[in-house]
Amino acid sequence: MCGIVGYIGNKHAVPILLEGLHRLEYRGYDSAGIAVIERGELCRVRMPGKVNSLVAQLAERPFESTIGMGHTRWATHGKPSEANAHPHANGDETIMVVHNGIIENYQTLREQLSARGYRFSSETDTEVVAHLIEDEYTGDLTQAVKRALRKVTGTYGLVVMHAQHPREMVAARRGSPMVLGVGDHEMLLASDVAAFLRLTDRVVYLEDDDIVTLRADEYVIDTLADKHVEREAERIEWQADEVELNGFRHYMLKEIHEQPDTITNALRGRLIASEGIAHLGGLDKVLNHLKEAQHLVIVSCGTSYYAGLYARYVFERLTDLVVEVEIASEMRYRKTNIRPGTVVLGISQSGETADTIAAMHEASRKGALLLGLVNVVGSTMSRITEAGVYNHGGPEIGVASTKIFTSQCAILVMIALLLGRFKHLAVTDGMEIVAGLERLPTHISTVLKQADAIRSIAASYAQYDNFLFLGRKYNYPMALEGALKLKEISYIHAEGCAAGEMKHGFIAMIDQRFPTVCLATKDMTYDKVLSNMQEIKSRGGKMIAIATEGDEEIAEVADDIIYTPPNLDFLQPIPAVVALQLFAYYCAIERDCDIDQPRNLAKSVTVE
Ligand code: F6R
């Protein structure tokens, strides 16, 4: 969703801001803008559309400035237009603001300010902040921002510049991510480190109610309550080249191919083969609670929700926990069984998904122990949870989640293994699971080697407008995920279905123009899935099967087959879903879709 970048230092600000905005494009946006201070004046350029249009305009008017901020906007209040694009200014354009989040009381503030003569030029909630700061300004920018924000309810990550303060900028955070990059005689700000990773890997994560004043050589952190905070910069583990395409045509393809590494990174140092157990350092401090726990609620959205659905089967197999999986945005409407002692595990790549965070806050009010499985270090979810596990998957730039989904699945198996081994799970079973997990990177590589074959299969199916994805048990969440991937990036209608449900309705759709992708790896449900496939075949439906190597029987029913190596039944679906990711990717290529920036989608959904 919206992205922020800020710069103050000794270099030309504009190229740094534009590069930062390009790096944030993957998050989804519909307008972009920048502001700099040039010879004592705040100058801004903003417009609906892509960052490249901004680049073109700035090429005609190159600003000379070493301080500036930029923004990509994903419209919430008001349509995408120049007037609604950020930065927003006060009346005489001496103060400018970029903002992510939502000012909930903006109508009231707007009415109060209008009554006092302030004139508004946009439909946005953000503009009130610029006028409020003007209203509070008596010469000290930081104090004015603080006083203004004390009147605001809602969420924000924001940056403020003032024409009379060409050597400082002020940023604040509440509920919307903001990270400070500390360079050599330069400071950077961003809503996402990807924006400035090429310039520095030393970062300070802002916390809620922090107000930071930046100058080229220093940062001073204060809180809204006027408390000074000392916080040292830390080194981020992500490398600059992880946000490059490195020869791949799209980030999605690059990330699909990274999966042998992301799984290796997820497992690294966390498996003890000789004891058949996992060790997850991030859970150490709650281990006693987890050993006693009886009830686990997993909460997440989208692809992360499907990882949760997969985990339910695995937890039920390896532990004696009662497991529920909730769609975060639905959880609040249900009278859930959460009570003191319930363990609530939030799963989120970004760690910033508003629905998941809201559901977790609600669970915490009911006394749950909050855990997180998160990829982005320092994200909001990693802060609100008692303990948790990081994916260590590196930045995921492609809007459609791929590498973090499989990493989530592998880590969830490790958590189930850890908890299972405290109860009835035998060491020998644990050892088998460890060995099975360790085989995953090679098994995924085996699927990746079939990319060309999957591409040809995709080429012969991409003209269809509807698909059914079928799977049972462990493969059912993968069917849902395969359908979601296809929908998101190729805009082909696809439905995921529990194979047993097919004859209760879905089968009515099947004909020669309605193909099915069947996850039919060898497990206890295999024979039943095969019968479902027969039913489809007898109705003339075309079929692609994802099957276990050596399965020749499947060739009698499926038109096309992608094989994955044999493994424990609950681990085979992980490489199988990689085949579905490639299938979706190549269908989208055939249809010439904008794969890394699919229409209407945002990478990190920070509004409910
Ligand atoms: C689909 C996808 C989304 C996300 C969902 C949750 O490819 O990426 O469905 O999974 O928006 O995002 P996170 O995991 O960041 O909470």
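These values consider heavy atoms only, across backbone and side chains, with no hydrogens, waters or symmetry-generated copies. Everything numeric here is computed off the predicted structure, so don't read it as measured data. Both counts, for ligands and for their atoms, begin at 1 and track the order of listing.
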Protein contact to [atom] [nearest heavy atom, distance to 0.1 Å]:
| atom | answer |
| --- | --- |
| atom 12 (O) of ligand 1 | Thr353 OG1, 3.5 Å |
| atom 11 (O) of ligand 1 | Val605 CG2, 4.1 Å |
| atom 15 (O) of ligand 1 | Ser350 OG, 2.7 Å |
| atom 3 (C) of ligand 1 | Thr303 N, 4.0 Å |

Judged by heavy atoms only, the candidate from Gly302, Ala328, Cys301, Gly346 nearest atom 6 (C) of ligand 1 is Cys301
Enumerate the atoms of ligand 1 whose separation from the nearest heavy atom of [X] is less than 4.0 angstrom.
| X | value |
| --- | --- |
| Ser304 | 10 (O), 13 (P), 14 (O) |
| Glu488 | 1 (C), 2 (C), 7 (O) |
| Ser348 | 13 (P), 14 (O), 15 (O), 16 (O) |

Side-chain ion pair, [X] and [Y], N-O less than 4.0 Å:
| X | Y | value |
| --- | --- | --- |
| Glu207 | Arg383 | yes |
| Arg231 | Asp210 | yes |
| Lys403 | Glu258 | yes |
| Asp465 | Arg591 | yes |
| Arg174 | Asp208 | no |

task = Could you tell me if any non-hydrogen atom of Lys485 lies under 4.0 Å from any atom of ligand 1?
result = yes
**Prompt:** Has Val399 got any heavy atom lying under 4.0 angstrom from an atom of ligand 1?
**Reply:**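 Contact present.
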Under 6.0 Å between ring centres: does that hold for Phe583 and Phe467?
yes
Indicate yes or no: does an N/O atom of Gln408 lie under 3.5 Å from an N/O atom of ligand 1?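 In this structure, Gln408 places no N or O atom under 3.5 Å from an N or O of ligand 1.
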Worksheet item: Should the ring pair His86 and His71 be called parallel, tilted or perpendicular, given that the plane angle runs from 0 to 90° and is split at 30 and 60?
Response: parallel
*Identify whether NZ of Lys or CZ of Arg in Lys485 sits under 6.0 Å from the centre of the six-membered ring of Tyr585 and within 45° of that ring's axis.*
no
